[in-house]
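First up is the structure itself, then whatever we jot down about it.
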Amino acid sequence: MKEQLAQLLTDAVARLQASDALPADLAPNVMVERTRDRAHGDFASNLALTLAKPARAKPRDIAEQLVSALDTGGTVEKVEIAGPGFINFFLGPTAWHGVIADIAQAGADYGRSQLGAGQRVQVEFVSANPTGPLHVGHGRGAAYGAAVADLLAAIGYDVHREYYVNDAGRQMDILAASVYLRYLDLCGVELSFPANGYQGDYVWDIGATVHREHGERLQHPVAEVFAGVPPDEPAGGDKEAHIDGVIARIRDLLGADDYRLVFDAGLTAILHNIRQDLKEFGVEYDEWFSERALTDSSAVEVAIERLKASGHTYEDNGALWFRATDYGDEKDRVIVRDNGQTTYFASDIAYHANKLERGYDRVIDVWGADHHGYVPRVKAALTALGDDPERLDVLLVQFAVLYRGGVKVQMSTRSGEFVTLRELRREVGNDAARYFYVMRKCEQHMDFDLDLARSQSNDNPVYYVQYAHARVISVFRQLEEKGYRRDSAEGLAQLTRLTEDHEQELMINLSRYPEIVEAAAINHEPHQLPHYLRELANDFHTYYNAHTFIVEDSALRNARLELIDATRQVIANGLGLLGVSAPESM
RNA sequence: GCGCCCGUAGCUCAGCUGGAUAGAGUACCGGCUUCCGAAGCCGGGUGUCACAGGUUCGAAUCCUGUCGGGCGCGCCA
């Protein structure tokens, strides 16, 4: 509809140019938008305002000319000039009838399009270190990333969902050491647990598994484990140096194979937990990409060599640096430490180079906002490698702060005091969690009100929308109980009977759905969907209260049934994109 | 100190990429069911769009500065 009106205006401009009423060198950018206020019609264009300057004429005069040159007809009932020079289009009552048939025909596909057809896009999200269970911060990234991916898929993109598994590196070694020390404890050994170790209960569980499977075979005297290790923080030392010392000792004592065994016990247990958690949350991946695999395949070395070859590295203090400042980063970055170990950044360069090599047209990273400082260096590295950093979009998701009983819930990962995603899901349910997480745009700090999400009341927006869906189903149940049968053919043929304002309003909003999906997808703004669905549900509830659907008059009854079933379909489709269920009864 | 994000109704937030009189929910008050689910609907008012400049036909939206809040500035990941 928008396109049709824009075409009418474009034609009008051409006609005026042909008769020299407008300069021939105008390059009009014809915009037609939905009006905010129905008093301004259904659609409006600001064309006359934008042409005023280049055409050196008053906006209203141009609008007059445009309207007189306009070849209207069909569904356009009336055209008005208003305000400073807006051209307002009023459509006739039948203009929206097509929407009902479209929805009936497309069903679950209504709202989908082929806008991104032929384009491959990768969305990487969550990618939390497998050193502990997912917490509520990860939950937002999961819900947001999944929604962005699903939206892009809905408009035709070929979407690849990926989780980057940091299964290498120091944090994982700390986990392995933590598991081993808990294992020793379960062997009956007294020891003081490092301040920098992972303290969560899940580490005990993994230690217990190791103990169950291997008995006391892996045990070493505690004195040997801590032999020569620098003092821990509580003892006046450095907790980082302490844990590194412990890791080195454990590695030596266990040997490569047994160390790997303990390491993998931690990794697989936690990764399994994460996968399970996400799956239950309705978040599925196409690929779990292993950092270790990247290292093993020497991709990291290759990337480092490529950087060296590009001439953007130098050695200093025994370390290899990437000259990130050449490409706008604040400072240069170490990629190989003086001890010969590559940094996390080195892996990340290789990983991102790998992503681009895989040929995606666009690569999207969803990161926690605390990593924002990391964006320039990754883009700098890609530029230095000769890749196009514009192909990478980094979407930063701000933190979610939980409130329970009006009080902020405090969290700290390392000490193990945090609310896990699993606990959150158990408390408020998957539907409320998915919905609440994407209600805000990603750059907004979010206050997550647990009490509200949990409440089964009209305060809760999730229930409000779901209720509208269940209510439609309920009407159809009633229909049968009253001995009627739905006749879609008659309903679609009798749409002219839908003359009420509420019906008109509902149809208009149903027709907006594909535009909402498109805008939400392209702008990576899933929050548009819950806002739209809330409005749509409101239109429905209002209609429901104002008019009876199951009436004697079969033409009117069937027409109304088509309208409400179309509404049900759109709500189901919208909730589906958010990973929220559309219940038949509540 | 430098960088990124945010500042809109008492509270939580939208505001369709620069358009018309800035909107929802919530809270508060009042009304609506012999009838398809009241988990619903209707009515009632609230704004120095943080502040100050600038850009133009037109700014909550863009640019600059100030103030306030969050986050980040490791040979950690």
Side-chain angles (χ1 to χ4, degrees), chain A residues 31 33-37 39-40 44 46 49-50 52-53 58-59 82-86 88 129 131 166 168-172 174 196 240 291 316-321 329-331 333-339 341-345 347-348 368-376 396 398-399 401 403 406 439-447 449 452 455-461 463-464 466-468 470-479 481-482 512 515-516 519-520 523 525 527-528 530-532 534-535 537-538 540-551 560-561 564 585-586:
Chain A
M31 299 253 294
E33 290 181 328
R34 285 180 186 266
T35 55
R36 200 175 307 186
D37 182 347
H40 298 138
N46 63 350
L49 281 78
T50 60
K53 199 175 192 183
K58 290 181 191 165
F86 289 102
N88 294 337
N129 283 349
T131 53
N166 294 117
R170 182 163 172 268
Q171 293 305 321
M172 287 305 297
I174 295 177
N196 210 24
E240 306 285 351
E291 179 187 359
D316 186 41
N317 265 328
L320 185 69
W321 296 70
D329 197 8
E330 292 176 349
K331 47 182 83 167
R333 310 290 176 179
V334 172
I335 48 179
V336 183
R337 288 188 262 167
D338 57 4
N339 63 8
Q341 293 223 309
T342 57
T343 58
Y344 173 84
F345 178 45
S347 298
D348 232 14
D370 54 333
H371 286 71
H372 70 80
Y374 208 71
V375 180
L396 299 168
Q398 296 287 339
F399 287 140
V401 180
Y403 285 84
M439 267 197 318
R440 310 282 174 245
K441 52 185 175 206
C442 67
E443 60 265 36
Q444 260 300 344
H445 298 101
M446 181 167 64
D447 291 342
D449 185 338
L452 178 60
S455 77
Q456 307 212 348
S457 75
N458 51 0
D459 304 350
N460 192 331
Y463 285 93
Y464 184 84
Q466 288 181 320
Y467 179 49
R471 232 178 177 184
V472 175
I473 305 270
S474 173
V475 170
F476 281 102
R477 265 197 300 268
Q478 278 293 322
L479 185 73
E481 283 174 24
K482 294 190 176 182
R512 285 173 58 209
E515 296 166 26
I516 299 289
N523 299 314
E525 292 181 345
H527 74 273
Q528 291 192 31
H531 282 104
Y532 166 79
R534 213 263 155 214
E535 277 180 58
N538 182 35
F540 172 75
H541 287 309
T542 300
Y543 180 37
Y544 183 101
N545 274 281
H547 302 283
T548 308
F549 308 145
I550 304 175
V551 292
R560 285 182 170 169
L561 290 176
I564 65 167
S585 66
M586 303 175 64

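By convention in this document, chain letters (A, B, ...) are assigned in the order of the sequence lines, proteins followed by strands, and residues within each chain are numbered from 1.
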>> Nearest whole Å is fine: how far is B/rG23 C1' from A/E535 CD?
In response: 10 Å
>> Taking 5.5 Å and 30° as the limits, would you call A/H40 and the base of B/rA20 a stacked pair?
In response: yes
> Just to confirm, is there a sub-4.0 Å distance from OP1 or OP2 of B/rA77 to any side-chain nitrogen or oxygen of A/R337?
Replying inline: yes
>> In whole Å, I'd like the distance from the CG atom of A/N196 to the P atom of B/rA77.
In response: 13 Å
> Relative to the 5' end of RNA chain B, which residue comes earlier, A/I550 or A/T342, by the nucleotide with the nearest heavy atom?
Replying inline: A/I550
> For A/A546, which contact category applies under a 4.0 Å heavy-atom criterion: base, sugar-phosphate, or nothing?
Replying inline: nothing
> Out of B/rC36, B/rA38, B/rG72, which has the shortest distance to the side chain of A/Y467?
Replying inline: B/rA38
>> Rounded to the nearest 0.5 Å, what separates atom CD in A/Q444 from atom NE2 in A/H527?
In response: 9.0 Å
> So what does A/D338 hit on the nucleic acid, given a heavy-atom distance under 4.0 Å: a base, only sugar-phosphate, or nothing?
Replying inline: base
>> Any non-hydrogen side-chain atom of A/V334 less than 4.5 Å from a side-chain atom of A/F345?
In response: no
>> Given 3.5 Å as the limit, does a donor-acceptor pair link the side chain of A/H541 with the main chain of A/Y467, or not?
In response: no
> Quick one: which of B/rG15, B/rC75, B/rC42 gets closest to the side chain of A/V334?
Replying inline: B/rC75
> Starting at CD of A/Q444 and ending at P of B/rA24, how long is that distance when rounded to a whole Å?
Replying inline: 19 Å
>> Nearest whole Å is fine: how far is B/rC13 P from A/Y464 OH?
In response: 21 Å
>> What is the separation between atom CZ on A/R471 and atom C1' on B/rC35, rounded to the nearest whole Å?
In response: 13 Å
> To the side chain of A/H541, which of B/rG40, B/rG37, B/rC6 is closest?
Replying inline: B/rG40
>> With hydrogens left out and only the distance checked, is there a donor-acceptor pair under 3.5 Å joining A/N46's side chain and the base of B/rG19?
In response: yes
> Of all the choices, B/rC41, B/rC35, B/rA14, which nucleotide is nearest to the side chain of A/T548 once you look at every atom?
Replying inline: B/rC35
> Heavy atoms under 4.0 Å, any strand shown: does A/K58 hit a base, just sugar-phosphate, or nothing?
Replying inline: nothing
>> I need the CG-P distance between A/D329 and B/rG3, as an integer number of Å.
In response: 14 Å
> Of the candidate nucleotides B/rG3, B/rC42, B/rA77, which contains the atom at the shortest distance from the side chain of A/H372?
Replying inline: B/rG3
>> What contact category does A/E481 fall into here, base, sugar-phosphate, or nothing, at under 4.0 angstrom with non-hydrogen atoms?
In response: nothing
> What is the pairing partner of B/rG74, taking Watson-Crick or G-U wobble pairs with both distances under 3.5 Å in any strand?
Replying inline: none
> Is the distance from OP1 or OP2 of B/rC6 to the nearest side-chain N or O of A/Q398 less than 4.0 Å?
Replying inline: no
> How long is the line joining CE of A/M586 and P of B/rA38, in whole Å?
Replying inline: 13 Å
> Cation over ring, A/R471 on A/Y544, under 6.0 Å and within 45°?
Replying inline: yes
> Rounding to a whole Å, what distance do you find between A/M446:CE and B/rC13:P?
Replying inline: 9 Å
